[in-house]
Amino acid sequence: MIKFLDLKLVNKNHEVELKRAFEGFLNSGHYILGEQVSKFENEFSSYCGTKYCIGVSSGLDALQLIFEGYKEMGLLSIGDEVLVPANTYIASILAINNTGLKPVLIEPCSKTYNIDMSKIKASINTKTKAVLGVHLYGQLYDVKELERISRKYNLLLVEDAAQAHGAVYSDGRFAGNLSNAAAFSFYPTKNLGALGDAGAITTNNKALAEVIFKLRNYGRISTYKYDLKGSNCRLDELQAAFLRIKLKHLDFDNNKRREIAKYYLDNIDSDNVLLPFFENMNQHVFHIFVIRSKKRDQLKDYLYKNGVETLIHYPIAVHKQSAYKELMDYKLPVTEQLHKEILSLPLHSGLKEEEIFKISTLINSF
Ligand SMILES: *Cc1c(COP(=O)(O)O)cnc(C)c1O
């Protein structure tokens, strides 16, 4: 069976370095917010080109801390509306709900699967205070246009970069440096993946960074002195040590992903399948390679019977989930159609050439 993702294989590539990092961590005797966390924060902010990076415990926490931080600064209040693409991962929406804000779902563009810029304006009213852009599947949203809209309507622009570590916009800016504040996840399956839960916030805003540094650690300003009511969302010291190693390989891994994507794009040729659309390889890090088919379920079964595991990102849209009954009235034809047709092919740095060949050939013969 060709697995959708083989994390053991992916991390095996770094085995010696990871084991050495663990030894160093064990011997350091410093297990929370030690030098690995601060070194990783420095390295990741310079990678992204931002002034600040705050390491936190997950991507969801990163998103929530951005919204909490803006609430502390008086720039957002309970009940404010946040625009968000309807076809994103559940965490983007949940972060808005959990911080007392209201998610307003926007349809994606049927070509790029990212937020449809032409459908944003109709959802803006006096309560709209922010937009959460998501670089879905690893492809940057239309950066210039979302920046323009945010400026025009005075919205905070927040970036969910959990799927786009290392994607570069045409002006040279990296994902994480395309907004007022960005959230990253280092969940093990992400392009930059830890060996457990981890996340980060990147920003150029000093005041916001200072608030979030406090919020992630009980609101603490110094030993047993608290300025704010925070929580415990610290980046784990061991995961930071692992992430420092994986960060050095991120560009190499992303290029490997692009090569595999290019192979699929050049070799899959079937009337049953629509390939992903993108304008520029640098703006896409192919976190997930998503094809579309009217016969998606049959294609999925066919591939599985022939030894290829595929997944669906995501099978049920948020407004159809029982946890989000308040969103039930949304009519989102593009989102709903996409959820019926999308299929994610295996794509990771451990995939072999004969496997990519087999997958492409199978799809063409379906
Ligand atoms: C993975 C992911 C998150 C959440 O990250 P966790 O670390 O799992 O909390 C948020 N948004 C998007 C788009 C993601 O893919």
J.: Could you tell me if the ring centre of F44 sits under 6.0 Å from that of F184?
T.: yes
J.: So with a 6.0 Å cut-off around CD of E354, is the heavy-atom count from everything else above 12?
T.: yes
J.: Quick one: does any side-chain atom of E355 pair with a main-chain N or O of K352 as donor and acceptor, under 3.5 Å?
T.: yes
J.: F174 and L136: same hydrophobic cluster, using ILVMFWY side-chain contacts below 4.5 Å?
T.: no
J.: Have E159 and H135 got a donor and an acceptor in their side chains that come within less than 3.5 Å?
T.: yes
J.: Start with the C-alpha distance between E68 and K71, add both sets of side-chain angles, then the distance that settles salt bridge (charged side-chain N to carboxylate O under 4.0 Å, His left out), and finish with yes or no.
T.: CA-CA 5 Å; E68 285 299 343; K71 278 162 63 188; 3.5 Å; yes
J.: Kindly determine whether M117 and L146 satisfy side chain to side chain contact (heavy atoms under 4.5 Å, CB included), including the steps that lead there.
T.: CA-CA 7 Å; M117 300 297 160; L146 202 56; 3.8 Å; yes
J.: side-chain hydrogen bond (donor to acceptor under 3.5 Å, both in side chains) between N177 and N204: does it pass, once the steps are laid out?
T.: CA-CA 8 Å; N177 190 21; N204 291 309; 2.9 Å; yes
J.: Looking at D266 and K262, does any basic side-chain N land under 4.0 Å from a carboxylate oxygen?
T.: yes
J.: Which atom pair, heavy atoms only, marks the closest approach of A62 to I201?
T.: O-CG1, 3.6 Å
J.: Tell me whether the centres of the aromatic rings in F289 and Y264 are closer together than 6.0 Å.
T.: yes
J.: Below 6.0 angstrom between ring centroids: does that apply to F25 and F242?
T.: no
J.: Do the side-chain N and O atoms of S118 and D116 include a donor-acceptor pair separated by under 3.5 angstrom?
T.: yes
J.: Do H313 and Q163 meet the criterion of a side-chain donor-acceptor pair at a distance under 3.5 Å?
T.: no
J.: Between E341 and Q337, is any side-chain donor less than 3.5 angstrom from a side-chain acceptor?
T.: yes
J.: For a quick check under 3.5 Å, do H319 and E336 share a side-chain donor-acceptor pair by atom type?
T.: yes
J.: Between K246 and N11, is there a side-chain donor-acceptor contact under 3.5 Å, judged purely by atom types and distance?
T.: yes
J.: Is it the case that the side chains of E107 and T335 hold a donor-acceptor pair, with the cut-off being a distance below 3.5 Å and no angle test?
T.: yes
J.: Could you tell me whether the side chain of L235 reaches within less than 4.5 Å of the side chain of S57, counting heavy atoms only?
T.: no
J.: Do N125 and Y153 have a side chain donor and acceptor closer than 3.5 Å?
T.: no
J.: Can you tell me if K102 has over 12 outside heavy atoms packed within less than 6.0 Å of its NZ?
T.: no
J.: Looking at D171, I want to see if its CG is surrounded by more than 12 non-hydrogen atoms of other residues, nucleotides or ligands under 6.0 Å.
T.: yes
J.: Under 3.5 Å, side chain of N267 to main-chain N/O of Y263, donor-acceptor pair present?
T.: yes
J.: Above 12 or not: heavy atoms from other molecules or residues under 6.0 Å from OH of Y226?
T.: yes
J.: Mark yes when over 12 heavy atoms from residues, nucleotides or ligands other than N255 sit less than 6.0 Å from its CG; otherwise mark no.
T.: yes
J.: Would a single hydrophobic cluster contain both F277 and V290, if residues Ile, Leu, Val, Met, Phe, Trp and Tyr are joined by side-chain heavy-atom contacts under 4.5 Å?
T.: no
J.: Decide if the gap between the ring center of F286 and the ring center of F278 is smaller than 6.0 angstrom.
T.: yes
J.: With no hydrogens and no angle check, just 3.5 Å: does a side-chain donor-acceptor pair link H287 and N191?
T.: yes
J.: State yes or no: are the ring centers of Y169 and Y141 separated by less than 6.0 Å?
T.: no
J.: In this structure, are over 12 heavy atoms from other groups packed under 6.0 Å from F357 atom CZ?
T.: no
J.: Is a donor from one side chain sitting under 3.5 angstrom from an acceptor on the other, for D197 and Y187?
T.: no
J.: With hydrophobic residues grouped by side-chain heavy-atom distances under 4.5 Å, do L192 and Y89 end up in a single group?
T.: no
J.: Output, in order, the C-alpha distance, side-chain angles, deciding distance and verdict of salt bridge (charged side-chain N to carboxylate O under 4.0 Å, His left out) for E15 and K19.
T.: CA-CA 6 Å; E15 187 174 358; K19 283 183 172 164; 2.8 Å; yes
J.: Measure from the ring center of Y314 to the ring center of H339 and say whether it is less than 6.0 Å.
T.: no
